[in-house]
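Structure record follows, encoded as structure tokens.
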Amino acid sequence: SQTIHQWPATLVQPVGSPLSLECTVEGTSNPNLYWYRQAAGRGLQLLFYSVGIGQISSEVPQNLSASRPQDRQFILSSKKLLLSDSGFYLCAWNRDRKYGYTFGSGTRLTVV
Amino acid sequence: GENVEQHPSTLSVQEGDSAVIKCTYSDSASNYFPWYKQELGKRPQLIIDIRSNVGEKKDQRIAVTLNKTAKHFSLHITETQPEDSAVYFCAASWTNTGNQFYFGTGTSLTVIP
């Protein structure tokens with residue numbers, strides 16, 4: 001069966017510091033991978049998605065970036081965090097748009 | 001691009017009553033519509049989905065209906081229980097590029113014991 005791992009679970013970072021969140025999927029190959037952000041009490045905002053190694057599509061221009069160095073690994077990064085980057089970050093995967101997402105357990109990021 | 005609207009944003013019902021959440025979408029080419037339940041502080045989880053070749057789908061106390069002509073779909077929860085309290089998100093697949101979904105803004109459902 002397929003599983004998705006996301007870490008860390010919580011993170012408190014000062015403004016201006018870098019960020020690296022990692023997501024990996026097991027039990028499948030060539031998954032579609034996604035990063036979403038959820039601000040407190042808000043909906044799900046798509047940040048990036050990837051349909052293959054090295055293929056990244058950005059939905060929202062900002063100080064975040066994503067990379068997919070391996071087939072089942074998706075990384076969300078920032079060189080300098082802003083206060084507005086605080087939120088709940090969710091990684092997700094699916095085979096294609098015929099199937100719903102499976103979400104990772106999320107990372108709660110607080111920028112102070 | 002796709003635009004998904006969801007109503008209401010909050011919903012309170014008495015235990016045992018029914019709850020209905022409605023979503024509309026803009027892209028007539030969308031053909032897959034999942035619903036997610038997110039409990040406080042946890043990840044969203046897929047609870048039911050419907051494809052455009054089906055008008056209704058039911059799974060125990062949960063059902064989803066789809067009206068392709070009107071471009072709206074609804075989640076129906078019958079005999080609500082306190083554990084149904086959560087935020088529910090609808091989504092629609094956008095067929096033009098990539099494989100991503102676009103989500104509604106969520107409905108916070110509270111079931112009052």
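Given the structure is predicted, the values throughout are model-derived calculations rather than measurements. Order of the sequence lines sets the chain letters (A, B, ...), proteins ahead of strands, with each chain counted from 1.
In the hydrophobic clustering of ILVMFWY residues, with side-chain heavy atoms under 4.5 Å counting as a link, I21(B) and Y25(B) come out together. When the side chains of ILVMFWY residues are joined at heavy-atom separations under 4.5 Å, either directly or via intervening members, V51(A) and I56(A) end up in two distinct hydrophobic clusters. Put simply, Y36(A) and L82(A) are part of two different groups of oily side chains (I, L, V, M, F, W, Y) that touch within less than 4.5 Å, one to the next. Under the 4.5 Å side-chain heavy-atom criterion for Ile, Leu, Val, Met, Phe, Trp and Tyr, F74(A) and Y49(A) are members of distinct hydrophobic clusters. When hydrophobic clusters are built by joining Ile, Leu, Val, Met, Phe, Trp and Tyr residues whose side-chain heavy atoms come closer than 4.5 Å, directly or via intermediates, W7(A) is not grouped with L21(A).
Neither the backbone nor the side chain of Q45(A) comes within contact range of chain B; no heavy atom of the residue lies under 4.5 Å from a heavy atom of that chain. In this structure, chain B has heavy atoms under 4.5 Å from both the backbone and the side chain of F103(A). Looking at Q6(B), there are no atoms closer than 4.5 Å to chain A (heavy atoms on both sides), in backbone or side chain. For S57(A), no part sits under 4.5 Å from any heavy atom of chain B, backbone or side chain. Heavy-atom distances place both the backbone and the side chain of L44(A) under 4.5 Å from chain B.
Put simply, the side chain of Y101(A) never gets that close to the backbone of Y36(B): no donor and acceptor are under 3.5 Å apart.
For the atom pair CG (L46(A)) and CZ (F103(B)), the distance works out to 8.5 Å, reported to the nearest 0.5 Å.
Residues from residues 79-91 of chain B that place a non-hydrogen atom less than 4.5 Å from a non-hydrogen atom of chain A comprise F89(B), given in numerical order.
Among the candidates P44(B), P34(B), G106(B), the residue making the largest number of heavy-atom pairs closer than 4.5 Å to chain A is P44(B).
Q6(A) has its side chain out of reach of R43(B): every pair of non-hydrogen atoms, C-beta onward, lies at least 4.5 Å apart.
The 12-atom threshold is exceeded at CG of L83(A), counting heavy atoms of other residues, nucleotides or ligands nearer than 6.0 Å.
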